[in-house]
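Hydrogens, waters and symmetry mates are skipped; everything else that's a heavy atom, side chains included, is used.
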Amino acid sequence: MGFRWKRFLVTLGLSVVVWLISAFIQVYMTFAKYLGTFSSGCQITGYPLDLCKLRGPDIPAIFVIFINIFFWFWVVHLFWNWFKKR
């Protein structure tokens, strides 16, 4: 994949920042609901995978958070490669 350690850390840091922004957007969009990361209500996990809208088995919030950060990591990585080629 051509990652250097510094680029990996910068990409990971940017993906966490993007995930935090998506979590703030989720808080804003679901403000009227019962919120809280460790509560039994609607848990804030950020986007694109929203635990509030997932129906099915009981999925831990931390697992969904890691999936979202992984998704944003790849979005930042692909955007960086696209930007670098231009």
Side-chain angles (χ1 to χ4, degrees):
M1 289 189 328
F3 274 117
R4 296 193 187 272
W5 184 247
K6 182 179 177 182
R7 178 163 177 226
F8 172 77
L9 291 177
V10 169
T11 305
L12 183 62
L14 286 174
S15 64
V16 170
V17 168
V18 171
W19 169 76
L20 282 172
I21 292 170
S22 76
F24 284 125
I25 291 171
Q26 184 184 14
V27 167
Y28 178 74
M29 299 296 283
T30 59
F31 187 71
K33 295 180 183 177
Y34 182 67
L35 300 175
T37 302
F38 300 107
S39 68
S40 60
C42 184
Q43 297 178 348
I44 301 301
T45 56
Y47 292 115
L49 217 60
D50 184 2
L51 194 59
C52 296
K53 296 183 180 180
L54 284 178
R55 305 286 184 234
D58 192 22
I59 301 172
I62 194 73
F63 182 69
V64 176
I65 289 170
F66 281 132
I67 289 174
N68 286 337
I69 291 174
F70 182 74
F71 171 79
W72 290 118
F73 178 86
W74 282 105
V75 168
V76 169
H77 172 68
L78 293 174
F79 182 74
W80 190 324
N81 282 343
W82 178 76
F83 189 71
K84 193 167 83 170
K85 287 181 183 179
R86 294 186 138 214

Nearest heavy-atom neighbours spanning Ser22 and Gly46: OG-CA, 3.7 Å
Transitive ILVMFWY side-chain link Phe66 to Val64, under 4.5 Å: no
Shared hydrophobic cluster for Trp5 and Phe73 (ILVMFWY, side-chain gaps under 4.5 Å): yes
Residues Tyr47, Asn68; criterion side-chain contact (heavy atoms from CB on, under 4.5 Å); working and verdict: CA-CA 6 Å; Tyr47 292 115; Asn68 286 337; 5.9 Å; no
CD1 on Ile59 to CD1 on Ile67, rounded to 0.5 Å: 7.5 Å
Cluster check Trp19, Ile62: I/L/V/M/F/W/Y, side chain < 4.5 angstrom: no
Cluster check Val17, Tyr28: I/L/V/M/F/W/Y, side chain < 4.5 angstrom: yes
Phe71 and Leu49: CA distance, side-chain angles, deciding distance, side-chain contact (heavy atoms from CB on, under 4.5 Å) verdict: CA-CA 9 Å; Phe71 171 79; Leu49 217 60; over 6 Å; no
Spacing of CZ belonging to Arg7 relative to CG belonging to Leu14, to within rounding of 0.5 Å: 10.5 Å
Shared hydrophobic cluster, Val75 / Leu20 (ILVMFWY, side-chain heavy atoms < 4.5 Å): yes
Evaluation steps, ring pair (Phe, Tyr, Trp, His ring centres under 6.0 Å), between His77 and Trp74: CA-CA 5 Å; His77 172 68; Trp74 282 105; 5.2 Å; yes
